[in-house]
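Here is the structure we will look at.
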Amino acid sequence: MTNSNPKQTMKAVSYSSYGGPEVLETHDVPVPEPTGNQVRLVIRAAGVNPIDWKLRSGSMAEVMSVQFPKIPGSEVAGVVDAVGPDATGVVVGDEVFGWSDTGGYAEYALASIVVPKPQGLSWTDAATIPVAGEAATRGLRLLKLKSGETLLVNGASGAVGTLAAQLALDSGVTVIGTASEKHHDALRELGVTPTTYGEGLADRVRELAPNGVDAVLDVGFGGLEAAMDLRGGTDRIVTLSDGAAFGLGITFSSGNAGDRNAETLRRLGALAADGKLALPPARTFPLTEAADAQRAGEKGGSRGKILLR
């Protein structure tokens with residue numbers, strides 16, 4: 001193993017029981033050592049995502065167990081400072097981003113899937129890509145969209161919705177997106193036709209798309225019945241977030257480790273660095289304020305991505 005760091009301990013945020021954001025505590029813990037094809041990163045930015053607080057709250061305990069103490073966070077960007085014996089194509093000093101094996105809410109993390117960070121991409125932008133990019137790509141793949149079709153994205157102003165809408169537009173698809181009215185101008189700038197969510201959604205979408213919508217990607221909550229109304233059933237509706245899908249017969253896709261791949265990271269990173277993919281605005285918190293970062297995420301209402309620096 002190649003190792004440039006003599007430091008023995010690091011600061012990490014973890015929780016040892018389910019509960020609210022207050023169960024998140026900062027501790028000094030041993031710096032992890034990479035094995036196999038892992039690399040270790042000095043973390044510059046780490047994403048904060050809904051799965052983090054859903055796991056912490058215990059609401060997913062029946063379907064996804066947590067081993068305590070748990071360091072949250074799955075997407076990171078940083079500098080390689082140690083390399084496992086089987087790691088190839090990466091050396092100490094490389095700037096990379098990808099998926100954390102050991103949790104992103106820490107000063108250091110181990111990772112098995114990382115790619116080079118393009119020079120024109122900031123640390124926060126790089127850490128924005130893995131979770132949202134994988135989810136957006138997966139959702140669009142499941143819908144099998146074709147050029148000339150019309151897609152409704154429910155929750156288009158969030159990180160996943162923002163990327164999914166642009167990727168669909170780039171493939172020749174017309175996109176209608178739901179969001180709070182305060183985010184409509186931002187969606188228009190991307191090429192999305194915006195509308196508000198809530199009661200009357202199906203009627204508003206019909207006014208915007210008289211010929212109907214060919215598919216619905218849901219990354220919000222409360223829009224599934226309107227989606228069924230618009231589609232005349234459950235065909236070509238995919239939700240990435242709303243558990244009501246199970247009772248309605250709608251496809252729910254939560255993703256898994258097998259959906260993580262370096263090629264998606266490389267492609268989206270290059271598009272973002274070249275200015276061809278607009279990433280959502282970032283709101284950052286210090287590592288020691290991870291509880292406040294999760295509170296902000298749970299509260300919702302703001303466009304963009306929450307990250308730890």
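None of the values given here were measured: they were computed from a predicted structure. Values below: all heavy atoms of this structure, side chains included; hydrogens, waters and symmetry mates excluded.
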inquiry  = Under a 3.5 Å threshold, yes or no: a donor from one side chain and an acceptor from the other, between Asn49 and Glu75?
reply    = yes
task = Flag the pair Ile43 / Glu107 as yes when at least one side-chain heavy-atom distance between them is below 4.5 Å, and no otherwise.
result = no
query = Can you get from Ile129 to Val96 by hopping between Ile, Leu, Val, Met, Phe, Trp and Tyr side chains that sit under 4.5 Å apart?
reply = no
query = Is there side-chain contact between Leu279 and Leu163, with heavy atoms separated by less than 4.5 Å?
reply = yes
note = Taken in chain and number order and not counting sequence neighbours, the residues that satisfy side chain to side chain donor-acceptor pair (under 3.5 Å) with Arg236 are Glu149
Shortest non-hydrogen contact from Ser16 toward Pro69 = OG-CB, 3.6 Å
inquiry  = Ignoring hydrogens, what is the shortest heavy-atom contact between Lys305 and Gly47? Give both atom names and the distance.
reply    = CE-CA, 4.3 Å
inquiry  = Determine whether Phe285 and Ile306 satisfy the following criterion, side chain to side chain contact (heavy atoms under 4.5 Å, CB included), listing intermediate values before the conclusion.
reply    = CA-CA 8 Å; Phe285 291 78; Ile306 296 175; 3.9 Å; yes
query = Applying the side-chain hydrogen bond (donor to acceptor under 3.5 Å, both in side chains) test to Thr196, which of Glu181, His183, Arg204, His184 qualifies?
reply = Arg204
message = Please confirm whether the ring centroid of Phe68 lies under 6.0 Å from the ring centroid of Tyr18.
response = yes
inquiry  = Distance check, rounded to the nearest 0.5 Å: Lys117 atom NZ versus Trp123 atom CH2?
reply    = 5.0 Å
key: Sequence neighbours excluded - side chain to side chain donor-acceptor pair (under 3.5 Å) pairs with any residue from residues 158-179   = Asn154-Thr178
inquiry  = Using only atom types and a distance under 3.5 Å, with no angle test, would you say the side chain of Gln38 pairs donor to acceptor with the backbone of Leu110?
reply    = no
message = Please tell me whether Leu143 and Val160 are part of a single hydrophobic cluster in this structure, the criterion being side-chain heavy atoms less than 4.5 Å apart.
response = yes
message = I'd like to know whether Glu298 forms a salt bridge (charged side-chain N to carboxylate O under 4.0 Å, His left out) with Arg56, so could you lay out the CA-CA distance, the side-chain angles of the two residues, the decisive distance to 0.1 Å, and finally the verdict.
response = CA-CA 12 Å; Glu298 288 183 277; Arg56 183 217 69 223; 3.3 Å; yes
message = Applying salt bridge (Lys or Arg N to Asp or Glu O under 4.0 Å) as the test, list every pair that has at least one member in residues 209-232; sequence neighbours left out.
response = Arg206-Asp229, Arg231-Asp235
ask   = Would you say Leu151 and Leu217 make side-chain contact, with heavy atoms under 4.5 Å?
value = yes
request  = Check whether any side-chain heavy atom of Leu268 sits under 4.5 Å from a side-chain heavy atom of Leu265, and report yes or no.
outcome  = no
Side chain to side chain donor-acceptor pair (under 3.5 Å) partners for Lys11, two or more places apart = Asp28
task = State whether the side chain of Arg44 and the backbone N or O of Arg309 hold a donor-acceptor pair below 3.5 Å, judged by distance alone.
result = no
request  = Decide yes or no for Tyr108 and Leu41: does some side-chain heavy atom of the first lie under 4.5 Å from some side-chain heavy atom of the second?
outcome  = no
ask   = Would Val205 end up clustered with Ile237 when hydrophobic side chains under 4.5 Å apart are linked, directly or stepwise?
value = yes
inquiry  = Under a 3.5 Å distance rule, please check whether Ser59 uses its side chain to pair with a backbone N or O of Lys54 as donor and acceptor.
reply    = yes
ask   = Can you name the nearest heavy-atom pair linking Gly177 to Ala156, along with the distance?
value = CA-CB, 3.6 Å
key: Spacing of Asp101 atom CG and Ser112 atom OG [to the nearest 0.5 Å]   = 3.5 Å
ask   = With a 4.5 Å limit on heavy-atom distance, are the side chains of Pro72 and Leu55 in contact?
value = no
ask   = Rounded to the nearest 0.5 Å, how far does CG of Leu167 lie from NZ of Lys276?
value = 13.5 Å
ask   = Does Val175 share a hydrophobic cluster with Leu208, counting links as ILVMFWY side-chain heavy atoms below 4.5 Å and allowing steps through other members?
value = no
query = For Pro286, does its backbone N or O pair with a side-chain atom of Glu289 as donor and acceptor, under 3.5 Å?
reply = no
task = Please report the C-alpha distance between Ile71 and Thr102 in whole Å, then the side-chain angles of each, then the deciding distance to 0.1 Å, and finally whether the side chain to side chain contact (heavy atoms under 4.5 Å, CB included) criterion is met.
result = CA-CA 7 Å; Ile71 299 175; Thr102 54; 6.0 Å; no
query = Hey, what do you get for CD (Glu22) to CG (Leu24), rounding to the nearest 0.5 Å?
reply = 8.5 Å
Euclidean distance, Trp99 CH2 relative to Asn261 CG, rounded to 0.5 Å = 9.0 Å
task = Check whether any side-chain heavy atom of Thr284 sits under 4.5 Å from a side-chain heavy atom of Leu308, and report yes or no.
result = no
message = When you measure from the side chain of Arg260 to the backbone of Glu134, do you find a donor-acceptor pair of N or O atoms at a distance under 3.5 Å?
response = no
query = Between Ala272 and Leu121, which heavy-atom pair has the shortest distance, and what is it?
reply = CB-CD1, 3.7 Å
message = Using side-chain heavy atoms (C-beta onward) and a distance below 4.5 Å, is Leu201 in contact with Thr195?
response = yes
ask   = Under 4.5 Å between side-chain heavy atoms, hopping through other hydrophobics if needed: is there a path connecting Ile113 to Val80?
value = no
request  = List the steps and the verdict of side chain to side chain contact (heavy atoms under 4.5 Å, CB included) for Glu263 and Arg267.
outcome  = CA-CA 6 Å; Glu263 181 51 40; Arg267 179 170 65 91; 4.2 Å; yes
message = Minimum heavy-atom separation for Gly220 and Asp242, please, with both atom names.
response = O-CB, 4.0 Å
message = What's the separation between atom CZ in Phe252 and atom OG1 in Thr239, rounded to the nearest 0.5 Å?
response = 6.0 Å
ask   = What residues, two or more places apart in sequence or in another chain, satisfy side chain to side chain donor-acceptor pair (under 3.5 Å) together with Ser241?
value = none
query = Can you name the nearest heavy-atom pair linking Ala12 to Ala106, along with the distance?
reply = CB-CB, 3.7 Å
request  = Kindly say whether Gly200 contributes a backbone atom to a donor-acceptor pair with the side chain of Asp203 at under 3.5 angstrom?
outcome  = no
note = Applying side chain to side chain donor-acceptor pair (under 3.5 Å) to Thr26 and not counting sequence neighbours gives none
task = Please step through side chain to side chain contact (heavy atoms under 4.5 Å, CB included) for the pair Glu25 and Val13, ending with a clear verdict.
result = CA-CA 5 Å; Glu25 297 180 333; Val13 174; over 6 Å; no
